[in-house]
Protein chains: 2
Amino acid sequence: MMALKLKATNLGSMPSPADVIFEALREAIVEGELKDGETLRQDHIASLFNVSRIPVREALARLEEQGLVTTQRHKGAVVSSLSLEEIAEMFEFRALVEGEVIRHAVNVISDKTLAEAKAFAQAFAAEPDSGKWAGLNRLFHYTLYKDCGRPYHLQIISKALDKIARYLRAQLVLTHGIARARAEHEGILRAAMARDADEAAALTRAHILGASRSLIGFLQAQEKK
Amino acid sequence: MMALKLKATNLGSMPSPADVIFEALREAIVEGELKDGETLRQDHIASLFNVSRIPVREALARLEEQGLVTTQRHKGAVVSSLSLEEIAEMFEFRALVEGEVIRHAVNVISDKTLAEAKAFAQAFAAEPDSGKWAGLNRLFHYTLYKDCGRPYHLQIISKALDKIARYLRAQLVLTHGIARARAEHEGILRAAMARDADEAAALTRAHILGASRSLIGFLQAQEKK
DNA sequence: GTATTGTAAATTGGATCCAATATCCACTAG
DNA sequence: CTAGTGGATATTGGATCCAATTTACAATAC
């Protein structure tokens with residue numbers, strides 16, 4: 001073996017075109033750029049990325065497995081939409097898992113991570129551009145969770161968030177959720193800094209379930225119109 | 001519109017070849033017929049099902065998204081294997097979610113469903129063929145959960161089970177888990193019939209975490225050899 | 001005018017073909 | 001004999017081509 005040192009990037013794990021397309025579509029759905037029920041034409045996507053339809057189809061298959069799109073044989077893929085009941089259930093699920101995760105995290109959380117979380121909370125509170133709220137909100141929470149040593153839990157939370165992020169956005173922007181979120185983030189952060197795991201878990205649960213009630217109420221009112 | 005009534009099977013939602021292959025591979029992995037680390041050759045699978053590699057690749061993409069196989073660019077797909085830590089985490093996760101689900105289920109469970117669960121518990125206890133234990137075990141628990149009105153939770157549980165079913169099998173068959181499982185099932189069933197949601201949840205959690213300890217101990221001993 | 005049939009265009013899903021990469025093994029140099 | 005090179009083989013990933021199905025719409029019948 002030669003002794004020459006060079007920073008070798010592992011070509012074998014470079015993202016394939018299919019990966020790139022998957023990520024782009026996922027992002028677009030999560031960010032709400034592709035609306036509920038919108039149909040995704042393989043040809044169109046393929047020409048956007050200058051590839052054939054093959055990698056597009058692979059990306060769509062993976063998105064369907066995640067529940068972000070729904071496919072009907074020979075009819076194509078549409079962005080999945082969730083009913084009110086389904087949205088409510090997702091929030092319940094998040095409250096359960098995120099509550100558990102933050103409890104474990106707070107018991108072992110480092111000062112460095114706490115500082116990061118604090119920075120995100122402040123950035124969130126100070127951000128004037130409503131388009132960036134959802135992202136900062138997610139970063140804040142994720143930072144508080146990430147030391148929990150439970151990668152599978154984190155992955156599941158992330159996938160659940162992907163499915164409802166579009167709706168959450170509405171909750172923050174359209175229901176004045178931002179003001180309450182600021183206050184509740186402060187509380188969660190304080191509990192975490194005090195290493196009070198049960199309090200952090202309880203506040204996180206309440207935070208999620210509160211957002212759920214607010215969003216569901218908003219969507220119900222919306223529906224009646 | 002004509003009045004003729006006939007039981008119309010919706011052709012549009014018939015399983016595609018890709019669906020069939022996905023299910024078959026999933027089943028084979030879950031049942032342990034395909035071992036950890038075994039590589040899956042696209043050509044081989046394609047000829048087994050008499051199709052080209054295209055639907056096989058779609059199935060593999062979906063399996064990878066589920067975490068049942070791992071792909072490396074240009075090297076192909078292998079059946080994912082879980083470390084001891086990962087297995088332990090999956091059990092923790094199951095205890096959390098299944099505990100929650102059975103609590104909600106027991107509050108609304110029908111007598112009919114209880115009777116079904118009882119039948120599965122008895123079938124499980126009486127089954128001499130160890131190859132069928134895992135399936136009956138899963139049916140018993142699923143039956144107790146299914147009235148909970150939370151389809152997303154059930155789906156997540158199902159996917160989590162898929163990832164560890166191979167290992168669970170070993171726990172039941174090789175560690176005398178079957179005897180304890182019989183007794184614990186009885187307890188869970190009794191709590192459910194008494195509509196004692198908290199007790200059913202606590203017993204379910206204990207059941208899962210007990211199986212986890214037993215399995216992890218077994219695998220650790222195995223590893224040292 | 002409305003409902004129904006038939007046909008053309010659009011779209012998906014699969015097969016085949018081709019290029020890029022990895023793996024294996026024989027060969028060579030030292 | 002060993003390390004290393006080069007090329008044959010196997011395998012994957014993507015492009016192109018083709019068949020099957022859906023959709024839109026024009027033509028026809030009533």
Side-chain angles (χ1 to χ4, degrees), chain A residues 1-6 8-26 29 34 37-66 68-80, chain B residues 1-6 8-26 29 34 37-66 68-80:
Chain A
M1 186 64 180
M2 62 178 171
L4 173 54
K5 292 273 178 11
L6 40 77
T9 54
N10 181 349
L11 280 311
S13 57
M14 292 267 289
S16 69
D19 292 330
V20 173
I21 295 168
F22 171 79
E23 261 312 310
L25 288 175
R26 184 191 140 275
I29 294 171
L34 290 167
E38 194 158 339
T39 85
L40 305 173
R41 293 275 155 248
Q42 297 178 2
D43 256 328
H44 180 225
I45 298 167
S47 59
L48 281 180
F49 289 87
N50 263 77
V51 292
S52 80
R53 281 168 34 228
I54 295 284
V56 175
R57 281 159 61 179
E58 187 181 321
L60 289 175
R62 289 164 57 186
L63 287 168
E64 172 155 37
E65 202 55 45
Q66 285 243 9
L68 292 177
V69 310
T70 311
T71 308
Q72 268 210 314
R73 275 261 260 178
H74 292 126
K75 289 196 186 170
V78 301
V79 178
S80 305
Chain B
M1 187 61 181
M2 62 178 171
L4 173 55
K5 293 276 183 2
L6 40 76
T9 54
N10 182 348
L11 280 310
S13 57
M14 292 267 290
S16 68
D19 292 330
V20 174
I21 295 168
F22 172 78
E23 261 313 310
L25 288 176
R26 183 191 140 276
I29 294 172
L34 289 168
E38 194 158 338
T39 85
L40 304 173
R41 293 275 154 248
Q42 298 178 0
D43 255 330
H44 180 226
I45 298 167
S47 59
L48 281 180
F49 289 86
N50 263 73
V51 292
S52 80
R53 281 167 33 228
I54 295 285
V56 175
R57 280 159 62 178
E58 187 181 322
L60 290 175
R62 288 164 56 187
L63 287 167
E64 171 156 38
E65 203 54 45
Q66 284 243 12
L68 291 177
V69 309
T70 311
T71 308
Q72 268 210 316
R73 277 259 260 178
H74 291 127
K75 289 197 187 169
V78 301
V79 178
S80 305

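Here is the naming used below: chain letters follow the sequence lines, and residue numbers restart at 1 for every chain.
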Student: Between A:Asp43 and A:Arg53, which heavy-atom pair has the shortest distance, and what is it?
Tutor: OD1-CD, 3.5 Å
Student: Of all the heavy-atom pairs spanning B:Arg73 and A:Pro15, show the shortest one and how long it is.
Tutor: NH2-O, 4.0 Å
Student: Show each protein N/O and nucleotides 8-11 of chain C N/O combination with a separation under 3.5 Å, one pair to a line.
Tutor:
{"unit_1": "C:dT11", "atom_1": "O3'", "unit_2": "A:Arg41", "atom_2": "NH1", "d": "3.0"}

Student: Is B:Glu58 reaching over with its side chain to a backbone N or O of B:Ala18, donor-acceptor style, under 3.5 angstrom?
Tutor: no
Student: Between A:Ala24 and A:Phe49, which heavy-atom pair has the shortest distance, and what is it?
Tutor: CB-CZ, 3.7 Å
Student: Which atom pair, heavy atoms only, marks the closest approach of A:Asp19 to A:Met14?
Tutor: OD2-O, 4.5 Å
Student: Please check if the side chain of B:Glu65 supplies one atom and the backbone of A:Glu65 the other of a donor-acceptor pair under 3.5 Å.
Tutor: no
Student: Distances under 3.5 Å only, N/O to N/O: pair up the protein atoms with those of nucleotides 14-18 of chain D.
Tutor:
{"unit_1": "D:dG14", "atom_1": "N7", "unit_2": "B:Arg57", "atom_2": "NH1", "d": "3.0"}
{"unit_1": "D:dG14", "atom_1": "N7", "unit_2": "B:Arg57", "atom_2": "NH2", "d": "2.9"}
{"unit_1": "D:dA15", "atom_1": "OP2", "unit_2": "A:Ser52", "atom_2": "N", "d": "2.6"}
{"unit_1": "D:dA15", "atom_1": "OP2", "unit_2": "A:Ser52", "atom_2": "OG", "d": "2.5"}

Student: Separation of B:Met14 atom CE from D:dT21 atom P, in whole Å?
Tutor: 11 Å
Student: Look up atom CG in A:Leu34 and atom CG in A:Leu25, then write down how far apart they are to the nearest 0.5 Å.
Tutor: 7.0 Å
Student: Of all residues at least two apart in sequence or in a different chain, which pass the side chain to side chain contact (heavy atoms under 4.5 Å, CB included) check with B:Thr39?
Tutor: B:Arg41, B:Val78
Student: Figure out the CD/P separation between B:Gln72 and D:dT11, and round it to whole Å.
Tutor: 17 Å
Student: Rounded to whole Å, please give me the gap between CD1 in B:Ile21 and C1' in C:dG13.
Tutor: 12 Å
